[in-house]
Amino acid sequence: MILEKINKVNDIKDIPKEEYSELAAEIRNFLIEKISRNGGHLASNLGVVELTMALHLALELPTDKIIFDVGHQAYTHKLLTGRRDAFNELRVYGGMSGFPKRRENECDCFDTGHSSTSISAGLGMVVGKQLSGEPGTVVSVIGDGALTGGMAFEGLNNAAQLKRNFIIILNDNNMSISENVGGMSGYLSTMRAGEAYNDLKSGVVDTLNKIPVVGDKLVSQIRKTKSGIKQLVIPGMLFENMGITYLGPVDGHNISRMVSLIKEAKRLDHPVLIHVMTKKGKGYVPAEKHPSMFHGVEPFNRETGHPITKKEKPTYTDVFSKAIVRLAEQDEKITAVTAAMPDGTGLKKFAGLYPERFFDVGIAEEHAVTYAAGLAMSGLKPFVAVYSSFLQRAYDQILHDVCIQDLPVTFMVDRAGLVGSDGETHQGIFDLSYLSSIPNMNILAPMNKYELADAVKFAAGFNHPLAIRYPRGTAFDGLKEYRTPMRYGKSLLLYEEKDIALLAAGAMTETAITVRQQLKQQGYSVSVVNARFIKPVDEEMIEYLARNHKLLVTLEENVLSGGFGEHVLRIVSTMNLKIKVLPVAIPNVYVEHGNLQILKKETGIDADSITRKIRRKCKESGI
């Protein structure tokens, strides 16, 4: 087995060229086998096997640096740097991350997880090397989907001023998570079709290079000239006009050709972009046919591609999907906006039924929010469906464009709280803190699937900014008997006793019920309140609880700093209420990847940990 010969970085350079294809096949088989067992990102990694091999063959790691945009396509890179055995614990708590991590290996030079950052990071590293006198080439690998993000263009614009080598690999597979949209996608499609140009360019360059002494100089001069080959055959070259040399498109599965291009690019004293065409999911038929379904997957049957664990109950995303479609039937002003994730956010059905009211803006969260503000200003009712960790990228737009103007934009904040295996960059544990700090923003956290459906209906008739947060995974279907109409800023008292009151935010209500049961078995008297509204906090309920309770415990799946508990503490202090407050929240840390139950235990927000904290507090306070 050729793959077994690779135990450390640069071992691939000892592999004969005639074995490259076999090695690529072994890598694909290895990835399919491991990901089918443990889950992970499959389609994106299968598409860049040869590209990653070419990078490792053409570069001198770790002196040279590779920055993978987003980073979920770095599995082959990890294999080629000697981490084969670590795949047994891929995305397992304490095991190897599914993204580049500097603490794992010196060849992981930049921690990534969000899109469109690699060009800016790479440019900074190039300049850093220049100022410190360090050798080495810097390569940023960015997908065509990530190139729809505004930050990528900011980086490109800045890179054009650079007078030093910097290589940008544009991995063009015509897919991000869902199919790409927008002008950049159309522009790249046009270039993909330009085979005549590439044949002409290759022929001319090969011919000129054969001329003794002056051949290389002629090629260089043609490339620098504005009336060069590109301008004659493909007018208006975007990258060339920005001052970035463009090479390609090149077959991203042709290792020898890519190695040659990368080595050629290393010789230039200015930024160069290599346009590489790859097939997402290559080598595994189910992933090739349905790449979006195999973006991030749970364990699956590798023969059929079907998940091993069948989904029996609807997720919160499913509940939202059904609710917004039902509303749109009744109200033609309902619109939906997503940033390249119609599938992940549950808007695919809406898009199919109401295409004229559905807007996928690409990987551009900042634009999505301000775009929605424009829709709202025009009398429409936009719902922006986005993951919690991605919404934080648009903080300024929420504040400046939506909330200052008090516009009726509803943010459906999916994956709020701990999300598990994707780790630090994807945990949705900051949204309560950053959203609650903004004037005019309102936050609603439903406790179960019924309240989520009711919250969406409430939002349709609400004329101010509103965020509705809900977690990843199966929707809680308990406590249906407590379903009552939403009242602005009002919480819901579920169980009323005395001494201890549990005030739970959203999905933590389910945990609060378990904590109550555990405490009652130990002789405590416990009330439970479903907060519903995180902002504004129901001050009347807090004042009411203070009359016959000695301890108020807030429960939230958010970091402590700036979260729900701290807001309740402020209210209790301001109102001078005679009740102790115990905020239970995630510590102010970045939470790594792992099983959700393990992460809840490690962060102290599982039922057992919360019960122990409350008993300890009661003992200290004499309750």
Side-chain angles (χ1 to χ4, degrees), residues 432-433 436 442-448 450-451 454-455 458 478-558 560-585 604-605 607 609-623:
L432 289 185
S433 300
S436 63
N442 302 275
I443 308 172
L444 210 168
M447 70 175 178
N448 56 23
Y450 310 107
E451 280 199 349
D454 292 343
F458 174 87
L479 303 175
K480 182 179 180 180
E481 65 272 23
Y482 292 97
R483 189 175 190 178
T484 56
M486 290 280 176
R487 294 173 56 209
Y488 176 68
K490 294 300 177 182
S491 56
L492 183 64
L493 184 58
L494 303 177
Y495 299 99
E496 184 174 10
E497 294 183 350
K498 60 179 182 178
D499 293 338
I500 301 171
L502 306 179
L503 182 57
M508 286 298 290
T509 306
E510 181 180 2
T511 303
I513 300 301
T514 304
V515 172
R516 175 180 180 269
Q517 293 169 348
Q518 293 180 354
L519 289 171
K520 285 184 67 64
Q521 289 173 0
Q522 297 167 23
Y524 293 93
S525 179
V526 186
S527 298
V528 177
V529 178
N530 163 28
R532 277 191 174 171
F533 280 88
I534 309 304
K535 185 186 179 188
V537 177
D538 188 350
E539 296 186 7
E540 289 184 4
M541 177 61 75
I542 293 175
E543 187 176 18
Y544 176 77
L545 294 173
R547 295 173 189 169
N548 60 351
H549 294 80
K550 299 174 183 178
L551 177 64
L552 177 60
V553 183
T554 62
L555 309 177
E556 63 188 302
E557 201 166 331
N558 188 83
L560 178 64
S561 180
F564 178 58
E566 287 198 351
H567 289 293
V568 172
L569 268 171
R570 175 185 53 79
I571 290 169
V572 169
S573 176
T574 301
M575 297 177 72
N576 197 29
L577 300 176
K578 304 303 180 184
I579 186 172
K580 295 183 182 298
V581 179
L582 173 62
V584 174
I605 63 168
S609 299
I610 294 171
T611 299
R612 286 194 295 271
K613 290 179 183 179
I614 294 173
R615 291 191 63 193
R616 190 182 308 119
K617 184 69 174 180
C618 288
K619 185 176 181 180
E620 293 172 355
S621 305
I623 298 174

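Computed from heavy atoms alone, side chains included, the values below leave out hydrogens, waters and symmetry copies.
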Check whether any side-chain heavy atom of [X] sits under 4.5 Å from a side-chain heavy atom of [Y], and report yes or no.
X	Y	answer
Lys480	Asn448	no
Leu432	His567	no
Thr509	Leu494	yes
Ile542	Val568	yes
Lys613	Val553	no

Using the side chain to side chain donor-acceptor pair (under 3.5 Å) criterion, which residues pair with [X]? Sequence neighbours excluded.
X	value
Glu539	none
Arg612	Ser609
Tyr482	none
Tyr488	Asn442

Have Ser433 and Asn558 got a donor and an acceptor in their side chains that come within less than 3.5 Å? yes
Is there a side chain to side chain contact (heavy atoms under 4.5 Å, CB included) between Leu551 and Leu582 once you walk through the steps? CA-CA 7 Å; Leu551 177 64; Leu582 173 62; 4.1 Å; yes
Run the side chain to side chain contact (heavy atoms under 4.5 Å, CB included) test against [X] and tell me which residues pass, sequence neighbours left out.
X	value
Ala512	Leu502, Ala504, Val528, Leu555
Gln517	Ile513
Lys490	Arg487, Asp538, Glu540
Gln518	Thr514, Ala607, Asp608, Thr611

By salt bridge (charged side-chain N to carboxylate O under 4.0 Å, His left out) - contacts of Lys520 (at least two apart):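 If we apply the salt bridge (charged side-chain N to carboxylate O under 4.0 Å, His left out) test to Lys520, skipping adjacent residues, the hits are Glu497.
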Exercise answer: donor-acceptor pairs, residues 614-623 side-chain atoms, under 3.5 Å, sequence neighbours excluded:
{"from": "Arg615", "atom 1": "NE", "to": "Gln522", "atom 2": "OE1", "distance (Å)": "2.9"}
{"from": "Arg615", "atom 1": "NH1", "to": "Gln522", "atom 2": "OE1", "distance (Å)": "3.2"}
{"from": "Ser621", "atom 1": "OG", "to": "Lys617", "atom 2": "O", "distance (Å)": "3.0"}

For a quick test of your reading: what N or O donor-acceptor pairs under 3.5 Å do the side chains of residues 530-537 make, sequence neighbours left out?
{"from": "Asn530", "atom 1": "OD1", "to": "Arg532", "atom 2": "N", "distance (Å)": "3.2"}
{"from": "Asn530", "atom 1": "ND2", "to": "Glu451", "atom 2": "OE1", "distance (Å)": "3.1"}
{"from": "Asn530", "atom 1": "ND2", "to": "Glu451", "atom 2": "OE2", "distance (Å)": "2.8"}
{"from": "Arg532", "atom 1": "NE", "to": "Glu451", "atom 2": "OE2", "distance (Å)": "2.7"}
{"from": "Arg532", "atom 1": "NH1", "to": "Pro485", "atom 2": "O", "distance (Å)": "3.3"}
{"from": "Arg532", "atom 1": "NH2", "to": "Glu451", "atom 2": "OE2", "distance (Å)": "3.0"}
{"from": "Arg532", "atom 1": "NH2", "to": "Thr484", "atom 2": "O", "distance (Å)": "3.1"}
{"from": "Arg532", "atom 1": "NH2", "to": "Thr484", "atom 2": "OG1", "distance (Å)": "3.0"}
{"from": "Lys535", "atom 1": "NZ", "to": "Ser436", "atom 2": "O", "distance (Å)": "3.3"}
{"from": "Lys535", "atom 1": "NZ", "to": "Ile438", "atom 2": "O", "distance (Å)": "2.6"}
{"from": "Lys535", "atom 1": "NZ", "to": "Met441", "atom 2": "O", "distance (Å)": "3.4"}

Spatial distance of atom [atom1] ([X]) from atom [atom2] ([Y]) [nearest 0.5 Å]:
X	Y	atom1	atom2	answer
Ser527	Tyr544	OG	OH	8.0 Å
Met508	Leu503	CE	CG	11.5 Å
Lys578	Arg547	NZ	CZ	15.5 Å
Glu496	Leu545	CD	CG	8.0 Å
Ile500	His549	CD1	NE2	9.0 Å
Asp499	Leu519	CG	CG	11.0 Å

If you compare all heavy atoms of Met486 against all heavy atoms of Phe458, which two are closest, and at what distance to 0.1 Å? CB-CD1, 3.8 Å
Considering non-hydrogen atoms only, spot the tightest contact between Glu556 and Gly565 and give its length. OE2-N, 2.7 Å
Measure from the side-chain N and O atoms of Thr574 to the backbone N and O of Arg570, and report whether any donor-acceptor pair falls under 3.5 Å. yes
